[in-house]
Each structure stands twice: as structure tokens, then as C-alpha cells.
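This report refers to the structure that appears directly beneath it.
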Protein chains: 2
Amino acid sequence: MASPLEKALQDPGSMKARILTSARRLFGDNGFSDTTTRMIAGDVGIDVSTLHYHWGEKQDLYEGVIGAVHEEIMERFQEVERRCRKADLGRRLEIAIDVMCDYLFANPEVANLILFGYFRKADHTAVLDVNITTYIANIAVAMGLAADQEAVSVQTKARILAVWHSVLNFISGQAFFRPMLDVAPETYAAVVKETLKFILVPAFTIDTAEALKTGSNNH
Amino acid sequence: MASPLEKALQDPGSMKARILTSARRLFGDNGFSDTTTRMIAGDVGIDVSTLHYHWGEKQDLYEGVIGAVHEEIMERFQEVERRCRKADLGRRLEIAIDVMCDYLFANPEVANLILFGYFRKADHTAVLDVNITTYIANIAVAMGLAADQEAVSVQTKARILAVWHSVLNFISGQAFFRPMLDVAPETYAAVVKETLKFILVPAFTIDTAEALKTGSNNH
DNA sequence: AACAATCTCCATCATGTGATGGAAACAATC
DNA sequence: GATTGTTTCCATCACATGATGGAGATTGTT
């Protein structure tokens, strides 16, 4: 569907791909407005106009980054779904937490990029909006919380959003929280996984039966 | 401690206070970089130089906003602490969720401002950092998860961070998630409270005894 | 070697932004 | 009513940023 993106991914050494890589990291670090095209060009070691030549305007490059990240995330969800077969709900949650944490800790800019998207009031929100809705439906089905992607109750959606946020925030706020907890980087990752499982697993494993039954009436 | 801030709060109709109010909302909506001093001045109905006359440079105004919000939050925590006396842990959590949700839904810019702080790599992070640490310690004590503010284990800190994030994200992402859940604003608030209690209460009420015992060894 | 296509850079523009100086309006005191 | 201190606005500056045009370099093809 995204032909320029495919072309860029074909050869990671191509100029277009190199720009995308730098843009991804810098946008993730500083957000859209605090990342200048000159910063990205400087990081790649090229001129600004070369950047514009390959990607058009800044907004297009940003959407290219979001698109690439989106594809990666969807791949991870498919991995979760594969590994979740024939496991109970508690185990499924643990698998999902492990897979997503491993991925996000290895690509910390991803969590930032997604969370930045919540704030931007720009026009591209529609794009990201669709993505998030897709994530939610995917998780619901993979977790066995909904029969198909169309029949996800409000409660289930809200609960998945809460889980998803919890994961993202711990990774996104890493630079902020790790010093606060005063632990080494590797320890931080372990603490995060443990905390997520501690908080999330009991709620779903204990209460799921009732939650699904009363899932369509809101208080 | 903050003398200019006190002066502004003394008279809500004063120019300095009016600027602070507009700045608070606009910074909350758009973040620091996407909010211009001209936007704020325009919202108040004054000239840019009037704004600079009262508040100095943009960064100072921003810190004024953060400071005011910080004071409000601390008041809420004190309220939680008062109302938590002689209640068990599950009930304490519910009280804390209710109080903080009511406050944040009534002042939605607050959640944005705090979350924006996670991302900004600017110099003021130290200020916010201290604030967050204070929040965490306060909650830990109010919840009865730690004896005093100095003796909070890594696990407890991480768990409180997770709770705090969950609350903030639902309010901050309201404009984003409410359409996704397709519910009315009042319903959204109810769903959020319910979801938070659903997810958070079981973990702490079931597991607390063991959690506190093994609170100092990770993994 | 000649040519065409692609790529990269230098110079430059238009615009928006943070910030300031100084003039004018206002308020308070005598 | 004059004087002094405070507040507000107009005009303007310096600078960073997004973006472009066109010249030069590079590569591939014949």
C-alpha cells in the first residue's frame, strides 16, 4: 500500500531509508514541533534540501515514520496472537506483556511516538486514530476477550486501553522514572514487567467471567 | 514560597492571574512549543509585550503554570489522605481514584501538562521530577503502603507510578478515546472510574500482604 | 566519450516567533 | 491640577525554521 515506504525498506542503506531512521529517533525524542528538518538532516549528514527532495514536506516524513512504526507493531501483535494459542487468559496476558515490553525496550522511540500522537491536535490524528482502534480490536481477539474484531464491548475496550497505556508509559517515561526508582537499566525492564503483571493479571483472571457477562451495560 | 504566584492568586481578576489562566489551558492543549506567547496574549485580549511585562520570558510563565498545578494536586492528595483514615486498602484505592478523577475531569488540562512534562527534555525537568517523587511518596503513605515517605520500596513506587499513569492517560487522552468508545462525556467518566477500579483494586487487595513482605527483592 | 537521469548542495526567501524599547494611557498621591 | 509610578500598546528587531530554485556532482546507459 505504501510504495515509497516499501522502496525505503528494500535498501536500509538508501538515502530515503537513512532519513527515515534518523527522523524516527529524533521525532521520538523531541516530538514533531521540537524536531527541525535541519536536525534530522544534520543527523544523517546531509543538506536540508536533500531531505525535502526525498520526503517532501515535514509532515509527510512524520507520517512515514508513524506508518513504519505501525507496521512493526502490527507484526508484534501477530506474534502475540501466534504464541497465545492454547493458553489461558493469565498466561496470554503475560505473553503479551513480555513481547510488547521486549519490543518497546529495544525501540524506545516507538512508545514516545505513539504517546505524542495523543496530544497532537493536527490533522493527522485520523490516521493514528484508526491505528489505535485496530490495535485494540487485535488485542481483544488475541486475548480471547472478544469473539471477533467487531464485537468488542465498551468495558473491554477501556480495559485494553488501560493496559496498553500502562506499557507505553513505563517505556516512554523510562528516562524519567528509572532515576526515580534508582535501578540499573536491565533491572528497570524487569521491574516494569513484574509490575505490569502484578497489576494486570489479577484483574482479568479473577473477574473475567462476570466482566464478559455484564460487558454491555455501563453502570 | 512563590511570591509572584501568591500575588496572582490573591486577585483572580488581576492581569497576571488572567494570563496564568489562559496559559494554563493553552499549554495544556498544545504543549509548550505549539503554544505561542501571541496565542496566550490573544486569548486574554492583550498585547504580547504586556504578557512579557508581567511574566518575563515564556519559560517563566510555563513554570508558573506547572507550579500552580502542582499546588492544586498536592491539595487533592491531602484530601485523599484525610478521607482515607480508617479505611482498608481496597476502599482507599477507590477513594483515591474517585477524588483524582473528579479533579482531573474538572481540570482536564492538568493531566496534559503533567504528561507533557515527561517528554520535554528541557532544563525544567528537575522541577517536575521533584514533584513526581513527592506525589509518589505521598500516595504510598496515604495508601498505607509505606510507613513513612523515606521507606518506599522499588516495587511500591513502580506500582504507584502505574496507577498514576493509568489515571492521567484516560483523562489526557479523553478527546482521543471517547469517540473510540463511542460514549457520552458523562458516561466516559463513569467508564474510566469503573475500569480503573476493575484493574487496580484486585492486584493490591489480593496480593498486598505478600507484596510488602517480598518488597525489597526484584524479579 | 556523450548524454540523460538522478541525486546533492549552496544560496535564498517568506514567515512566525520570542523578545524589547519607547511612547502613550492610566492611577495614585500630594 | 501637577507629578510620579505603573500598566498597556505599537513598532520593530534578531533569529530559527520550512521550503524552494538552480547549479553542480554523480551515476548509469549507449
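- For B:Y103, there are no ring pair (Phe, Tyr, Trp, His ring centres under 6.0 Å) partners, not counting sequence neighbours.
- In this structure, B:I19 atom CD1 and D:dT7 atom P are separated by 11 Å, rounded to whole Å.
- Put simply, CE on B:M15 is 11 Å from C1' on D:dC9, counting in whole angstrom units.
- Note: CG (B:L51) to P (D:dC10) measures 15 Å, nearest angstrom.
- A:D148 pairs by the side-chain contact (heavy atoms from CB on, under 4.5 Å) definition with A:E150, A:A151, not counting sequence neighbours.
- To the nearest angstrom, C1' of D:dA16 lies 13 Å from CG of A:D34.
- At least one side-chain nitrogen or oxygen of B:H54 sits closer than 4.0 Å to the OP1 or OP2 atom of D:dT8.
- Remark: A:D102 pairs with A:K193 by the side-chain contact (heavy atoms from CB on, under 4.5 Å) rule, at least two apart or across chains.
- Every side-chain contact (heavy atoms from CB on, under 4.5 Å) that B:E94 has, sequence neighbours left out, goes to B:R91, B:K197, B:V201.
- A donor-acceptor pair is defined here as one N or O able to donate and one able to accept, closer than 3.5 Å; such a pair exists between the side chain of A:Y188 and the backbone of A:F170.
- Within the 4.0 Å cut-off from OP1 or OP2 of C:dC7, at least one side-chain nitrogen or oxygen of A:Y53 is found.
- The overall bend of the helix from C:dA1-D:dT30 to C:dC30-D:dG1, read as the angle between its terminal helix axes built from five base pairs each, is 0° when rounded to 10 degrees.
- Taking the centre of each ring, A:H165 and B:F177 come in below the 6.0 Å mark.
- Spacing between atom CD1 of A:I46 and atom C1' of D:dT26 amounts to 16 Å, rounded to whole angstrom units.
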Practice problem: Sugar-phosphate atoms are those with a prime plus P, OP1 and OP2; base atoms are the rest. Using that split, label each nucleotide of nucleotides 16-21 of chain C B, S or - for protein heavy atoms under 4.0 Å, 5' to 3'. | Solution: -BBBBB

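- Ring-centre distance between A:W164 and A:F77: below the 6.0 Å cut-off.
- No close placement of the B:F32 and B:F116 rings is indicated, their centers lying 6.0 Å or farther apart.
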